Amino acid sequence: MEKQNVTEFVFTGLFESEQTELLLFFLFLLCYVAVLMGNGIILLTICCSHLLEQPMYYFLCHLSLMDLCSISVVVPQLIRNMAATRRDISYNNCMTQLFTYHWLVGVETFILVCMAFDRYVAIVKPLHYMMIMNRKRCHMLIAVAWGLGFWHSIALLLMVLSLPFCGPNVIEHYMCDIKPLLKLVCKDIRISSILVIANSGTVIVVIFTVLLASYILILCNLRMRSSAVRHKALSTCSSHIMVVVLFFVPCIYIYILPAGSKNKDKEISVFYTVIAPMLNPLIYTLRNKEMKIAMGKVWWRMSQSKLK
């Protein structure tokens with residue numbers, strides 16, 4: 001086995017131009033603040049209102065938490081690197097970022113599946129909804145999401161830890177992700193690339209297909225419902241579909257292609273690392289009347305408590 005002599009990695013960043021990087025520094029800082037505020041408001045609203053008792057908002061609460069945590073693993077360092085002269089990260093911190101980010105994103109992926117299942121049961125089997133989607137089952141689904149996310153992430157980490165890094169240490173990215181790391185391995189990576197596609201790419205495609213199929217079944221079932229029920233269901237499902245497309249399409253583009261391919265990985269990855277977490281609160285609040293009412297009530301209660 002080749003000697004492991006890389007103790008740190010250096011990021012190339014998002015763009016080569018210093019002027020562009022400086023402009024993006026302020027843009028990503030604003031995006032990060034927007035994500036913290038938007039998802040923070042969703043968490044506060046759901047946890048401080050009756051919405052937490054409903055399975056859909058219970059899952060949404062966990063989705064917002066994943067958005068907050070996953071973006072905090074990547075964006076603060078990205079912002080720091082844009083203002084720094086040396087964009088380095090230690091080997092151990094790089095492996096930690098790889099594991100943590102994939103774990104959180106893996107959990108988020110399966111939470112989106114839980115939300116699709118919840119909407120399917122609510123619309124296709126409304127009379128059995130409370131029995132099927134009881135609190136115990138909701139807890140179980142979240143626990144399964146955490147478990148599956150962990151196994152996905154630990155499999156990637158163990159594979160990377162077994163690979164030798166003995167040559168160049170410049171990562172053509174702004175974060176420690178599996179594909180840019182594979183390009184630095186000083187051995188043949190064909191088998192590793194296949195394992196990555198099997199672990200991430202194929203799984204993402206299968207889950208995306210299942211999600212689309214579930215929403216197609218929901219839409220087909222809505223044809224037999226009243227216009228009021230149809231309008232409410234379409235409003236909710238359209239929000240979920242927008243989130244799914246924003247998250248999965250860039251992921252499929254990146255993880256279904258081999259590691260050695262020439263593509264726009266770091267530019268495309270901005271969509272699911274920064275833009276999707278920022279837009280999720282807007283999609284779920286601006287298009288959701290129940291959320292807006294609950295936000296108003298929580299804000300009113302907080303303002304009243306301050307006056308006392």
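Computed from a predicted structure; not experimentally measured.
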Problem set entry | Spatial distance of atom OG (Ser192) from atom CD1 (Ile197) [nearest 0.5 Å] | 11.0 Å
Exercise. Any Lys/Arg nitrogen of Glu172 or Lys179 sitting under 4.0 Å from an Asp/Glu carboxylate oxygen of the other?
Worked result: no
Exercise. Applying the 4.5 Å side-chain criterion to the ILVMFWY set and letting contacts propagate, would Val10 and Leu184 be lumped into a single cluster?
Worked result: no
Seminar exercise, completed: One should read off an interatomic distance between His173 NE2 and Ile178 CD1, to the nearest 0.5 angstrom, of 11.5 Å
For this session: With the side chain counted from C-beta on, respond yes when Ile256 and Ile204 share a heavy-atom pair under 4.5 Å apart, and no when they do not.
Result: no
Problem set entry | Whether Tyr58 and His139 hold their rings parallel, tilted or perpendicular, with breakpoints at 30° and 60° | perpendicular
Exercise. Any idea how His102 and His152 line up, ring-wise: parallel (<30°), tilted (30 to 60°), or perpendicular (>60°)?
Worked result: tilted
For this session: For residues Leu163 and Leu182, determine if any side-chain heavy atom of one lies less than 4.5 Å from a side-chain heavy atom of the other.
Result: yes
For this session: Go through the steps to decide whether Tyr91 and Asn169 satisfy the test side chain to side chain contact (heavy atoms under 4.5 Å, CB included), and finish with yes or no.
Result: CA-CA 10 Å; Tyr91 176 86; Asn169 66 338; over 6 Å; no
For this session: Assess the side chains of Ser72 and Tyr32: does a donor N or O sit below 3.5 Å from an acceptor N or O?
Result: yes
For this session: Take Thr273 and Tyr101 through the test side-chain hydrogen bond (donor to acceptor under 3.5 Å, both in side chains) and record every step on the way to the result.
Result: CA-CA 10 Å; Thr273 56; Tyr101 185 75; 5.1 Å; no
Problem set entry | Side-chain donor-acceptor pair present, Tyr174, Thr12, cut-off under 3.5 Å | no
Exercise. What distance separates Ser153 OG from Leu148 CG, expressed to the nearest 0.5 Å?
Worked result: 12.5 Å
For this session: Run the numbers on Phe165 and Phe9 for ring pair (Phe, Tyr, Trp, His ring centres under 6.0 Å), then give the verdict.
Result: CA-CA 10 Å; Phe165 295 93; Phe9 296 101; 5.5 Å; yes
For this session: Verify the ring-centre separation between Trp146 and Phe150: is it less than 6.0 angstrom?
Result: no
For this session: Let me see the working for Phe59 and Leu141 under side chain to side chain contact (heavy atoms under 4.5 Å, CB included), right down to the final yes or no.
Result: CA-CA 9 Å; Phe59 293 132; Leu141 288 171; 3.8 Å; yes
For this session: Could you walk me through whether Cys176 and Cys94 pass the disulfide bond (SG atoms under 2.5 Å apart) test, one step at a time?
Result: CA-CA 6 Å; Cys176 287; Cys94 184; 2.0 Å; yes
Exercise. Are Phe28 and Leu30 grouped together when hydrophobic residues (ILVMFWY) are joined by side-chain heavy atoms under 4.5 angstrom apart?
Worked result: no
Exercise. Step by step, would you call Ile42 with Ile46 a side chain to side chain contact (heavy atoms under 4.5 Å, CB included)?
Worked result: CA-CA 6 Å; Ile42 286 180; Ile46 294 174; 3.7 Å; yes
Problem set entry | Distance (rounded to the nearest 0.5 Å) between Ile154 CD1 and Phe99 CZ | 4.5 Å
Problem set entry | Ser64 OG to Leu44 CG distance, which is reported to the nearest 0.5 Å | 11.5 Å
Exercise. Could you give the distance from OG1 (Thr96) to CD1 (Ile89), rounded to the nearest 0.5 Å?
Worked result: 8.0 Å
Exercise. Ile142 and Met130: same hydrophobic cluster, using ILVMFWY side-chain contacts below 4.5 Å?
Worked result: yes
Exercise. For Asp118 and Tyr129, does a side-chain donor sit closer than 3.5 Å to a side-chain acceptor?
Worked result: yes
